[in-house]
Peer 1: 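Encoded as C-alpha cells, here's the structure I'll be asking about.
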There are 2 protein chains.
Amino acid sequence: MTIAEVSQKYDISADTLRYYERIGLIPPVPRTKSGIRDYNEESCGWIVLMKCMRKAGVQIEALIEYVALFQQGDSTLDARKALLMEQRDQLLARMADMQASLNRLNDKIEQYEQGLLLAEQKLRRKSE
Amino acid sequence: MTIAEVSQKYDISADTLRYYERIGLIPPVPRTKSGIRDYNEESCGWIVLMKCMRKAGVQIEALIEYVALFQQGDSTLDARKALLMEQRDQLLARMADMQASLNRLNDKIEQYEQGLLLAEQKLRRKSE
DNA sequence: ACTTGACTTAGAGTGTACTCCAAATGGTAT
DNA sequence: ATACCATTTGGAGTACACTCTAAGTCAAGT
C-alpha cells in the first residue's frame, strides 16, 4: 500500500505517517526499488496500535522506546512488559482524573438545570 | 492568601497561577493596595475547578469561554450549560478512547505474561 | 520527449500550554 | 536607612506533537 492509501484508510495524514516513521514510533516501512514506502500488514498493524495509543494520550517517547525494545529482539521481553504496565498505570491514573472531572461537570450541569428551572418558574409566576 | 501560599496549597506554580489569571482562565484575583494578589475563597474555588478540568484535558479555550460567560451574568446561564455539556461529551469520547487503549494494553501485557511463561518453560526443559 | 502528479527528504513553522527571565516595586528585619 | 526577599509586569523561551514548505525524484500517460 502507498502512503496515500494508508493515510486514507486509517485517517492519519501522510505527513504524520512519515513523521512517525522518522522518529521511530513505527519500525521502518518497506520500500520499492525507487525508495517509495510500500506498507505491508505488519506496518499497518503498528500504525493501528500507535493510533490507538496516541488517541488515548500515551506519550510518544514511551512508544518510541517500546518499538526500540521490540526491534532489539526477545531479550527485551520483560522490559517491554514493564513498559506496557507503566503506561497502563498512567492511563488508569488519567482516567481517574477524567472521572473526577466528569463528576464535577455532571454536578454543575445538574445545578444549571435546577437553576434554569427556577428561572422558568420565576418567569411563569410573573406572567400569571 | 498570597500567591506563594496558593501555589503550595494546590500544587500549581505561581507562574501558572498568574498565567491563568492573565488569559482569563480564572476571574481577576483581588489585590492589596500595593497591587499584590490576595486570593480569597472564591478565587481558590476557581483554581480548584480549573485544576480539575485541566488535569482531565479540558481545553483552556473552552474554560476561558466559560469564565467569560460567567462574568457576563445570568443571561448566559443556558450558554454555560451548553458549553459544559459539550465538554462532558468530549470527555466521554476521550474516556472511550482511553478504555480502548487500556484494553489493548491489557491484552498485550497478558500476551507477554504467556510469552514469558513459555520462555521460562523452555529454560526449564533445557536444564532438566 | 515531456508533462503530470504522487512521492521523497530535510528542515522550518504552528498551536497549545505552560515556564522562565529581567527589571521594577513593596513590605519587613536589622 | 539599607539589605533582603517576595511580588509585580511584559515578554521571551520551552516542550510536545504535529504540519507545512521547498526542492528534488520517479513512473505513467500522451
Side-chain angles (χ1 to χ4, degrees), chain A residues 1-26 28-40 43-44 46-47 49-68 87 90-91 94 97-98 101, chain B residues 1-26 28-40 43-44 46-47 49-68 87 90-91 94 97-98 101:
Chain A
M1 293 178 87
T2 67
I3 199 167
E5 287 162 349
V6 173
S7 169
Q8 171 147 40
K9 183 169 181 184
Y10 300 112
D11 196 31
I12 302 175
S13 79
D15 274 320
T16 299
L17 289 170
R18 288 192 204 98
Y19 167 69
Y20 280 180
E21 186 179 353
R22 178 152 46 109
I23 63 174
L25 188 72
I26 57 171
V29 173
R31 307 293 183 111
T32 63
K33 324 98 225 152
S34 56
I36 290 176
R37 288 176 182 79
D38 185 19
Y39 292 83
N40 59 19
S43 308
C44 290
W46 281 106
I47 289 163
L49 174 66
M50 293 309 172
K51 184 184 176 179
C52 176
M53 294 298 140
R54 288 296 304 128
K55 258 181 105 175
V58 177
Q59 297 292 291
I60 278 190
E61 203 180 333
L63 298 170
I64 288 173
E65 200 188 331
Y66 180 77
V67 173
Q87 293 309 312
Q90 290 185 19
L91 199 54
R94 285 204 305 280
D97 288 340
M98 293 174 87
S101 182
Chain B
M1 291 180 89
T2 66
I3 199 165
E5 288 162 350
V6 173
S7 169
Q8 173 148 37
K9 182 168 182 187
Y10 298 112
D11 195 32
I12 302 176
S13 79
D15 272 321
T16 299
L17 289 170
R18 289 192 204 97
Y19 167 70
Y20 280 179
E21 186 180 351
R22 177 151 46 107
I23 64 172
L25 188 72
I26 58 171
V29 173
R31 306 294 182 111
T32 65
K33 325 97 222 148
S34 56
I36 289 176
R37 288 176 183 78
D38 184 20
Y39 292 83
N40 59 17
S43 307
C44 290
W46 282 106
I47 288 163
L49 174 66
M50 293 310 173
K51 184 184 175 179
C52 175
M53 292 299 139
R54 289 296 304 128
K55 255 181 109 175
V58 178
Q59 298 291 289
I60 279 191
E61 202 180 332
L63 297 170
I64 288 173
E65 200 189 330
Y66 180 77
V67 174
Q87 293 309 312
Q90 289 185 20
L91 199 54
R94 286 204 305 279
D97 287 341
M98 293 174 86
S101 182

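Letters A, B, ... mirror the listed sequences (proteins, then strands); counts begin at 1.
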Peer 1: Is it the case that over 12 heavy atoms from other parts of the model lie below 6.0 angstrom from the CD atom of B:Gln90?
Peer 2: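 Yes.
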Peer 1: Report yes if at least one side-chain N or O of B:Arg18 is closer than 4.0 Å to OP1 or OP2 of D:dG11; otherwise report no.
Peer 2: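 Negative; the distance criterion is not met.
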Peer 1: Can you see if the side chain of A:Thr2 gets near the phosphate of C:dA6 - specifically, an N or O under 4.0 Å from OP1 or OP2?
Peer 2: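 The answer is no; no side-chain N or O of A:Thr2 sits under 4.0 Å from OP1 or OP2.
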Peer 1: With a cut-off of less than 4.0 Å, is there a side-chain N or O of A:Thr16 near OP1 or OP2 of D:dT19?
Peer 2: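 Result: yes.
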Peer 1: Does B:Gln59 make a side-chain N or O approach to OP1 or OP2 of C:dA17 shorter than 4.0 Å?
Peer 2: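 B:Gln59 to C:dA17 OP1/OP2: side-chain N or O found under 4.0 Å.
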Peer 1: Counting just side-chain N and O atoms, does A:Ser34 come under 4.0 Å of either OP1 or OP2 of D:dA27?
Peer 2: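 Yes, because at least one side-chain N or O of A:Ser34 sits under 4.0 Å from OP1 or OP2 of D:dA27.
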Peer 1: Within the structure, does a side-chain N or O atom of A:Arg54 lie under 4.0 Å from either OP1 or OP2 of D:dC18?
Peer 2: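 Yes, within the criterion.
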Peer 1: Within the pair B:Tyr20 and C:dC18, is there a side-chain N or O less than 4.0 Å away from OP1 or OP2?
Peer 2: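 So the side chain of B:Tyr20 is within the cut-off, an N or O lying under 4.0 Å from OP1 or OP2 of C:dC18.
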Peer 1: Under a 4.0 Å N-O cut-off, is there an ion pair linking B:Arg18 with B:Asp15?
Peer 2: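 Answer for the salt bridge query: yes.
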Peer 1: Just N and O in the side chain of A:Arg37: are any of them under 4.0 Å from OP1 or OP2 of C:dT8?
Peer 2: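 A:Arg37 to C:dT8 OP1/OP2: side-chain N or O found under 4.0 Å.
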Peer 1: Are there more than 12 heavy atoms of other residues, nucleotides or ligands under 6.0 Å from atom NZ of B:Lys51?
Peer 2: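 Result for NZ/B:Lys51: enclosed.
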Peer 1: Does A:Arg31 have a side-chain nitrogen or oxygen under 4.0 Å from the phosphate oxygens OP1 or OP2 of C:dT9?
Peer 2: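 Checking C:dT9 against A:Arg31, a side-chain N or O does come within under 4.0 Å of OP1 or OP2.
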